[in-house]
Amino acid sequence: MVWIQNGGILMYFIAAMSVIGLAVVIEKSIYFASKEKGNFDDIKWNVKEYIEKGDYTGAFSLLEKRECSTYKVLKELLLQCTKNKDCNIVHMEEKAREVGLAQLPRLERGMWLLGIVAHTTPLLGLLGTVTGMIQAFHAIASYGTGDPSVLAEGISKALITTAGGLTVAIPAVIFYNYFNKRIDTVINNMEKSSVEMINFFRK
């Protein structure tokens with residue numbers, strides 16, 4: 001709290017950014033840990049085995065155990081194949097794309113906020129550096145350099161805001177790129193699994 005007070009008003013904005021970033025990181029971590037997990041290769045083979053046996057109920061129950069995006073795409077493909085008599089490969093591809101696109105808002109939720117935190121906090125720190133140095137030079141111009149304490153406040157503010165901005169921005173950038181990688185992995189799993197399942201039905 002002392003650092004925030006000594007850093008001036010910009011430190012309050014940096015602190016607010018840190019709270020926003022932390023909230024997004026916690027939410028995304030819980031989401032990926034609880035929703036987007038599973039051994040997709042094993043599941044796909046198990047679903048295919050159920051389908052080959054004609055046990056579509058078993059295939060549906062297997063896919064309903066998880067709420068991940070890939071399972072939702074596979075479940076929709078299975079539903080279209082079993083319930084829609086007019087279903088064909090083109091229709092299945094369109095439904096897979098439709099369901100996949102519907103998952104994107106949930107996957108990307110909060111990422112824009114984390115991106116703002118990652119890109120804005122270093123600029124806030126830099127702004128604090130500039131204003132702190134302006135304050136220090138203004139003190140020199142007004143009181144001279146005889147008393148070092150005259151410069152201390154401005155230089156201290158400059159260093160504190162720089163450190164605060166980087167302290168918030170570095171983890172935010174790391175998590176932003178990490179979650180983007182996780183999102184890309186989920187999208188690739190959806191595309192790969194849907195293509196494999198459509199090819200399976202094609203046979």
Side-chain angles (χ1 to χ4, degrees), residues 1-41 43-44 63-76 95-135 154-195:
M1 192 67 182
V2 176
W3 275 34
I4 295 178
Q5 292 176 345
N6 292 338
I9 190 171
L10 288 174
M11 280 299 296
Y12 289 94
F13 288 101
I14 292 174
M17 288 289 184
S18 70
V19 173
I20 294 172
L22 181 61
V24 175
V25 168
I26 292 174
E27 190 276 332
K28 300 303 290 185
S29 298
I30 293 174
Y31 171 77
F32 281 111
S34 60
K35 305 295 185 182
E36 301 294 341
K37 66 177 183 178
N39 192 327
F40 302 113
D41 290 331
I43 289 295
K44 284 182 292 187
L63 293 173
E64 287 176 348
K65 290 181 179 178
R66 302 285 184 186
E67 297 182 11
C68 74
S69 302
T70 301
Y71 287 16
K72 289 186 176 182
V73 174
L74 294 179
K75 185 166 64 176
E76 181 63 28
K95 290 302 295 185
R97 189 178 299 108
E98 178 184 332
V99 176
L101 290 174
Q103 306 310 308
L104 291 182
R106 187 175 66 158
L107 288 169
E108 296 177 346
R109 183 174 56 195
M111 290 299 294
W112 68 277
L113 285 173
L114 191 57
I116 289 176
V117 172
H119 294 96
T120 302
T121 47
L123 299 179
L124 289 173
L126 179 60
L127 180 59
T129 302
V130 173
T131 55
M133 295 307 296
I134 290 174
Q135 181 178 339
I155 295 175
S156 174
K157 182 182 296 185
L159 295 177
I160 288 174
T161 52
T162 301
L166 293 176
T167 300
V168 175
I170 292 173
V173 170
I174 292 173
F175 279 107
Y176 181 78
N177 286 282
Y178 170 72
F179 289 133
N180 268 328
K181 180 62 177 178
R182 290 294 302 271
I183 292 171
D184 289 341
T185 300
V186 172
I187 293 173
N188 288 335
N189 282 331
M190 286 193 293
E191 293 176 349
K192 180 182 176 182
S193 299
S194 62
V195 170

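Sequence positions, counted from 1, serve as the residue numbers for this chain.
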Using 30° and 60° as the class limits, which term best fits the ring planes of His119 and Tyr176: parallel, tilted or perpendicular?
perpendicular
Working to the nearest 0.5 Å, report the span between CG of Asn188 and CD1 of Ile183.
12.0 Å
About how many Å separate CD1 of Ile14 and CG of Leu124, when rounded to the nearest 0.5 Å?
5.5 Å
Non-hydrogen atoms of Gly110 and Val24 that approach each other most closely:
O-CG1, 3.4 Å
Separation between CD1 of Ile9 and CE of Met11, rounded to the nearest 0.5 Å
12.5 Å
With a 4.5 Å cut-off on side-chain heavy atoms, are Leu127 and Leu10 touching?
yes
Donor-acceptor pair, side chain of Thr120 and main chain of Val117, under 3.5 angstrom:
no
Can you measure from CE (Met17) to CG (Leu114) and round to the nearest 0.5 angstrom?
11.5 Å
Count the heavy atoms belonging to other residues, nucleotides or ligands that lie under 6.0 Å from CZ of Phe13, then report whether that count exceeds 12.
no
How close do Ala163 and Thr167 get, counting heavy atoms only, and between which atoms?
O-OG1, 2.6 Å
With a 4.5 Å cut-off on side-chain heavy atoms, are Ser193 and Tyr71 touching?
no
Pair Arg109-Tyr31, side-chain donor/acceptor within less than 3.5 Å
no
Thinking salt bridges, do Lys28 and Glu36 make one under a 4.0 Å N-O criterion?
no
At their closest point, which heavy atom of Gln103 faces which heavy atom of Ser69, and how far apart are they?
CB-OG, 3.6 Å
How long is the gap from CG on Asn180 to OG1 on Thr185, to the nearest 0.5 Å?
10.5 Å
Minimum side-chain heavy-atom gap Arg97-Leu101 below 4.5 Å:
yes
List the atom of Leu74, the atom of Ser194, and the distance in Å for their closest heavy-atom pair.
CD2-N, 4.3 Å
Do Thr131 side-chain atoms and Gly128 backbone N/O form a donor-acceptor pair below 3.5 Å?
yes
With heavy-atom distances below 4.5 Å as the criterion, would you say the side chains of Ile187 and Met190 are in contact?
yes
What are the two closest non-hydrogen atoms of Ala169 and Ala118, and how far apart are they?
CB-O, 3.9 Å
Measuring from atom CD1 of Ile26 to atom CZ of Phe175, what distance do you get when rounded to the nearest 0.5 angstrom?
9.5 Å
